[in-house]
Each structure stands twice: as structure tokens, then as C-alpha cells.
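Below is one structure, written out as C-alpha cells; the observations come after it.
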Amino acid sequence: VTRRQFLTGLAGTGAAIALGACTSGDDDVSVIPAPTTGPTGPARGGGPGTLVVLSLYGGNDGLDTVIPAGDAAYQAARGQLARSAGEVLDLGDGFGFHPALKQLKEQWDAERVAIVRGVGFSDLDRSHFHCMDVWQSAGEQSTATGWLGRWLDIGKRDPFAAIAVGDGLPLLLQGGKATGSVIPVLPTPLPTPSIATWFRTMSVASDGPPLLAAAAQAGADMLAVDQRVSRARGRAAAIDDDPVETVGLAAQLELVASLIEAGLPTRVYSVQMGGFDTHAGQRPTRDRLMAGLDDGLGRFLPRVADRPVTVLVYSEFGRRVEINGSEGTDHGRAGPVFVCGSAVRGGFHGEEPSLTELDEGDLRSNVDFRSVYASVLEGVLGVEPADVIPGASRYKPIPDLF
Amino acid sequence: VDEAWLDVAHLHRRAGFGARPGELEDGAARGFDAELLRLCAPGAGSSPIPEPTFDTDALVAGLRSNDPATRKSAVAHLRREARGLIVWWIRRMVAADQPLREKLTWFWHGHFATSLEKVKLPELMYWQNTTFRLLGTGPFPDLAQAVAVDPAMLVWLDGALNIKGAPNENFARECLELFTLGHGHAGHQPYGEDDVAAAARAFTGTRFVRRQHEVVTQPARHDDDMKTVLGQTGRWHGTDIVRIATSDPASIPFVVSRLWSRLARPAGPDDPVVMELAAASRPVLDISALMPRLFTHHEFRADATRVGLVKQPVEWLVGTCRSLGVDPDDPRLVIPLRTLGQVPFAPPSVGGWPANRAWLTTGAAQARLALASRLAELGRGAVDGNSPAARVEAIGRTLGIGSWTPATTDALRSAAEDPHALVTLALVAPEHLMA
């Protein structure tokens, strides 16, 4: 299978949509499945894989990630920010990775990186918060539950099913009933065995007020996951006493890799990186961000290469095509999504949006992000997209992504 | 436990950070309304906690040095100042005699969320904090005007880079979306992309010049052409945009909904209570007039409000320290806030911090248990003088909690022989996590 074949992906998309229109009769956009419970209830899909979702907060500049360096329209629009064709890491087809993505380029060469181009949604409005909510909820509008939270709602409650690494629970793992577990990046030991025992006594969710019950449930879930997570952590990371700096992507993914290697039954992990809102002087910031992304993914992907692990990388929006007056870029619309791992078909998928036919100065989106989710739900988690995504029949999986 | 005591405990948590030893009994004797007046009193604005000190000139010189060793020591200096600032504010909240002023300072920090991560210089964050404290209890338009020319905000949202001919939309967009009008709902957005672009032009030319310690507007960098923002056309400057936005009909309901959501229970601008409070606040939203109305509204004392809000991590830490009489002057008590997901002066984005269920994660439970154990070491004396049998109720009185759930009661009774364990467990009990 050559990369050239993947470049024809879009022709396939059209065919699949046409086919889907003939075969799918269910177009009910309000369908969110009723949770099925019980010890013998269906597992959350029979797919073989583990999904790691990497959220890039702030609006990653797609044109400075997968760079059309050879395109004169790009060079003209980006001015001082434009990178030369010699500087980028050639991906073929006139594109190149940001120069810092060296390890990711090796993964690309090993055909473990799929780049879906021009991903977005139709009414992207350039608001960080609204757009991130739409991405994480996968609703027609932003909703109170996340797409993987609704996946968690299928089947019986299991605090191991999904784990967010870091300091908080992203919307994407918030379900109607279930939520993902959160584990701190740094080890956080329980005080004493007897306190842990009594804490277990206390952490019984009652039928009382929902927030009180949720607090008790979180305590019970924490006790359930802590033992195995603590064992899997291995050597304790050095405690960094800087209260402001966040823990880097590499440390988060290192923990995820340790948990996967320890055999946790977890099917979904969430990690994140921030700082992508580059309105000003973006070149050095971008260099640092891309180096951080490369450090994280470049170490993680080889480590899990012989396992069915897939990484999905997205951001709430891309950035304006034209440079702004402060050597940065303002909020834009479509951008690339990465799907990485041994199970994916590496290469380009979808068509790069035109750099000249713009939507108020932004790239137009050719692929709805829910089509990528549909592919991942089928290909990695083995569930019907309609069980998770409202109006799923409108969003056909990306052909040949897996 | 009597009703008056429970009401006063609720009031202390919401209009402040929770009561200090003895305050609830005194407050219950005075009555809810008298206690509200006491908490709302403007006060002298003084604090027993010494103000933080900064050496910004040396810091900047060090950070710009070509010598790696000098730069490294400047980074250490920067961290020291940042840590000092964070610890100072937490201590100040714990020591506050006029807790409502401090609570509103905390609220405005989340509303106009600005982070050290980009602003870098702690002194600028301190100035902004002082502005919130001074203006946060008065007319909202005055506060919004001050924020639009606040040095930290100008750095945070790229004010210096917003110039004539090359506008940067960062501040203009957030000013409308997050600070004054809200993003709207169900397709009704109170403003459009054209308003954002025109507002950005109006804000051009204003920047903070650190060497001069002042904010300057340079006419050559200001776009003086006509702009139309929210239907009004003129040669607008930034002050005009703030005036137009804060007098837009969408503004007062939006800002009131943010306050009600953090002080009572989550609600949007179209919530009936919010609309009622907003209507009473026209034509100009004055926080000092809104606060008594908000806290005396019958919905404030409704059951849905009492169990409708989770303490944010900072509120949990500050409230715990106040109840136990702990002065958190040790950074080791404050740094764990990072794992709890909330460091003052370092919100995750300009959108501020989330609410409620976001704080009830397994990770937060774990971090909270570890920190509670340290706090209980310092505050175990809270149950001194009580027999083991009486300690369960005593720690409830200390924390302003009238009754424990059966599960919590079981756990606390099991731990009653061990004051450290008892206090630790009470601090992480679901009841104490509610605001």
C-alpha cells in the first residue's frame, strides 16, 4: 500500500456518503442511547484497541504544523512566519512537518501517522470555549456530556474504562451517568491505611442530592483505581514545586504508556497540552510547542508500536491563514487532525482546503470532525457511532483510515 | 442544630469562605440579616497579612541577561515571587475580616481570568488583584473600564500588539464574550464577528510600558476611523466600547448570572431569579447594591441552592484553614492546589475555572485526601476537650456542618479515637465539599 493510494481518500468519502444515504434510514439527531447496565450488559464495544485522545488547547496553527511550504499563496499570506520548503520535513504532496517534529516524521515514515486534512465543522465561530465544547461533546451544539462520556454510559460502570491524566476531567469524558477517572501525573499517596479504610466507609454514594452522591462516588472510584495505578507508576517522578508550570505532555504520555504496559483494562486515555493561542510573536512559541508535541508523541508511539493503541490529536480550531500585525495568527477554522498508531493507515486523508478560496480569511473545512470520531469509534473501540454521536448517519467514517 | 445557625453557616460560606471559630454562634445570635450587613460592610480594606514585595526591575534585567547563570537565578527569583504572591493571597483570604470583599476579589479573578503563565511578572498580577479588591464592590462599568487598561490584562490579551492597520482581536473578543455580554445561547449571540473586529480597532494603540510604570495610548497607533459596534457608530476608543458593551441589554443579565452561578447555584442569563436580580440592577449594575439583594433572595436559602454548588479547591483550602484556625504560611500547604486543579493567578485560560462536577474527580479526591491529612496535623486541636463520642458532632460545628450523612457518620465514629484521622476524614467528607 503506497502513500499515493491514501491521497485518493476523498473520492472514497464521496462514494461512502452516497452509499450511506441509500442504506441508512435512521437520521434521528436526538438519539442518545439509554445506558444499558447489569453485570452481563454489553461491553463498550468489541474493538481491540486503546484510544488516547490528545487535546491541544488554544487553537493549534495547522498551517504551521503540516506546512504547505511550496505554496506561493502560503508564502504570501504568512509573511515573516512562512517557513521555507527546505526548512520543513518533507511529507510529499507539497507539505512538510514543522521542523521540530523530527521524531513524528520517523513515525510518519513508518506509516504510523495518518493526517486528516481540513477538519472542522460547519458553524465554527472562532470562540475557544464554544468550539472546544463542540469538539468534546460532538453535539449539534455544545451539550453537557462528552462523546466518550456517552460511550462510558454504555455498559456497566467501570472506573477503569476511561482515565484522564492531569488535574481535571475534560468534558469529553463526562457522561450522563458515568465519568472518566482522573489520575494526577505526580504520585499522590494515601495518608495511612486506616484513613483509607475509613474513607472507603464514607465513600458510599447515596440517593441524596446529586452533587453529594457524585462526591462520594469519586471517592469510591479513586480507591478502586489507586492501587493498580500506584503500582504501575514505577519509580516516583521528582516532585516539581513550581505551582504555575503544568506538567508536560511527555510526562503524561509516559504515565499512560506505563499503565498500558501494566495491563490496565482502560480503553480510553485523555491527555492535553495548552498554550496554542498564538496571537503574537508566535514563531518561538510554536517552536517550543512543536518540540513538546514531538517529545511526547515521538517517545510514546514507538513504545506502544506493538500494541493496538491509537492516538487522536485535535485542537478546537486552526488559525487565520494570514499573519496578523503582531507576528502571530488570530482564531481560524479548519485544521488537520492526526490519528496515529500501528493500526492506522499512515498518510494523508482528505483534501487540503484551498489557501485562496477562504471563509472570512480561514480555511474551509472539508471533513466534519465527527467523521473522524466515527472512524475511531468503529476502528478502535468497536462501537456503532450512532450509539455515541447524535445524528451519526450524517457523518460517515473516513474511508481506509484503519 | 437550629435553623438560624444553619442559615448563618450557609451565608458565611457563600458571602465569604466559611466562618472562623465562634463566628457562627455569634452570628446566629445576631440573626441572618444583621450578619449579612456585617459581612457586606466595606471595611477599611486592610489586612494583617503583610503585602508581598517585588523587585521587578532586577527580575526583568536578570531574565534578559546574556549570562546563563544570571538568567537561571532570575528564573528562581521569578518562581519565588510567584509563590510568594499565591501564598499571600491565600493567607489574606484566610485572615479576611470583611470576607465578602475578598470573596468578590476572588470572583473577579475568575471572571477576568488572567494568568501568570503568560503575564510572567508577579507584580502586574498583584496590581490587578488590588484593582479587583478596590473596584470589585462598586459599579461594574467602572471595574470593566479599569480592567481594559490593566497592565496584566494588556499583556495577557496582547494589548500592546493591537495597533492601527494590524488589529489583534484577542482582548476585544474576550471583552464581549467573557467579560461583558456572554457568548449567547441557542443561536442568539448578542454580538457578531463584525462587532469583534470593530471593537478591536477601537482598542488599538493602548499598551503598558513597564519602564514608565504606566499605560499609554499612542495616537499614531490608534485607529481613529469610524466604527460600528453593537449598532452604535462613532470614532470609538476602548472606553467607548466598554461603555457600549456594559450598557447593552445583554450585559447585566450576563454578569448577574455569573455572580449567581458562583455565589448561589449555576444558572444562565435567562434563569428567572437572575432575570429578577438583573431587572432590579438596571440601569447600572452596582455590585454593592446587588449583594444584599442576592443574599436575601428567598432562592438563596432554598434547598436547591444549599446543595447546588461545590467548593472550588481554593475555597475548600481557605474555608478549612479559617475553620481550623490554621495560617497557611507554609507553601507546602498551597502548592498541592495544582493537583487539585486550581492555582490562584494561574487559571487554565481566559475562560477561568469550571464549576461543580469538575471538582469531584477521582484525582481531586486523591489530592484532597493528601492535603487534608497535612491540614489536620495543624488543626487537630479542633476536637480537643471532647470525648471521642462527642468529637463527631464537634468537628461538624467547627466546619459549619449541621448534620452528617449516615455513611460519613459511620466513618467518623470509627475514627473518633484518632483526632488526626477524624479531622482528615471530616475535611474530605462530601458535606464539607459543598459550598
Side-chain angles (χ1 to χ4, degrees), chain A residues 57-58 125-130 141 159 164 166-169 174 179 181-184 186 188-192 194-195 198-199 201-204 206 208-209 211-219 221-222 225-226 241-246 274-275 277 279-281 324-326 328 330-331 360, chain B residues 79 82-83 86 116-117 158 161-163 165-170 173 177 183 186 193 307-308 310 331 334-335 337-341 343 345-346 348-349 351 354 356-358 360-367 369-370 373 405 407-408 410-411 414-415 418 421 424-425 428-431 433-434:
Chain A
Y57 286 87
D125 67 355
R126 298 176 176 164
S127 155
H128 290 294
F129 314 100
H130 178 248
Q141 300 174 8
D167 302 333
L169 183 75
Q174 180 71 58
T179 61
S181 293
V182 179
I183 58 170
L186 303 175
T188 309
L190 302 180
T192 67
S194 52
I195 287 178
W198 293 322
F199 186 60
T201 307
M202 180 187 283
S203 301
V204 178
S206 64
L211 291 175
L212 273 173
Q217 186 67 59
D221 288 349
M222 182 275 281
V225 297
D226 175 63
D241 76 344
D242 182 65
V244 178
E245 292 285 319
T246 47
D277 196 17
H279 286 276
N324 68 14
S326 18
D330 290 324
H331 302 180
E360 296 180 352
Chain B
R79 288 183 174 206
R83 217 167 27 225
I86 293 164
L116 268 173
E117 206 169 355
D158 300 323
L161 305 161
N162 184 22
I163 53 177
N168 181 307
E169 294 174 358
N170 208 359
R173 179 180 302 279
E177 177 177 334
H183 187 262
E193 285 294 312
V307 293
V310 175
V334 174
I335 285 164
L337 283 171
R338 181 173 77 179
T339 318
L340 283 167
V343 179
F345 301 108
S349 75
N356 277 6
R357 281 175 190 268
L360 301 178
T361 67
T362 59
Q366 191 153 9
L369 194 52
S373 172
T405 62
T408 304
D410 282 354
S414 308
D418 176 350
T424 301
L425 289 160
V428 297
E431 297 88 327
L433 306 189
M434 299 300 123

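Values reported hereafter were calculated over all heavy atoms of this structure, with side chains retained and with hydrogens, waters and symmetry mates removed. Below, chain A is the first sequence line, B the second, and so on; all start at residue 1.
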Contact class of [X] relative to chain A, heavy atoms under 4.5 angstrom:
X	value
B/L340	backbone
B/T424	side chain
B/A421	both
B/P167	backbone
B/E177	side chain

Could you check which of [options] has the highest count of heavy-atom pairs closer than 4.5 Å to chain B?
options	answer
A/G208, A/S194, A/P209	A/P209
A/P184, A/G168, A/G166	A/P184
A/D226, A/D330, A/D277, A/L212	A/L212
A/G58, A/A215, A/A216	A/A215

The reported gap from CG in B/N162 to CG in A/N324 (rounded to nearest 0.5 angstrom) is 9.5 Å

Which one, B/D410, B/D158, B/N168, leads in non-hydrogen pairs under 4.5 Å with chain A?
-> B/N168

Less than 4.5 Å to any heavy atom of chain B: does that hold for the side chain of [X], its backbone, both, or neither?
X	result
A/L190	side chain
A/Q174	side chain
A/P189	backbone

Which pair of non-hydrogen atoms, one from A/W198 and one from B/A415, has the smallest distance, and what is that distance?
-> CE3-CB, 3.4 Å

Here the pair of heavy atoms bringing B/R357 nearest to A/A214 is NH1-CB, 3.6 Å

Below 4.5 Å, heavy atoms only, C-beta onward: do B/L425 and A/M202 meet side chain to side chain?
-> yes

Looking at side-chain heavy atoms only, is the closest gap between A/H128 and B/S349 below 4.5 Å?
-> no

B/T361 and its side chain to side chain contact (heavy atoms under 4.5 Å, CB included) partner, picked from A/V182, A/T179, A/D167 =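 Only match with B/T361 under side chain to side chain contact (heavy atoms under 4.5 Å, CB included): A/V182.
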
Please walk me through it: do A/L211 and B/N356 pass side-chain contact (heavy atoms from CB on, under 4.5 Å)?
-> CA-CA 8 Å; A/L211 291 175; B/N356 277 6; 3.6 Å; yes

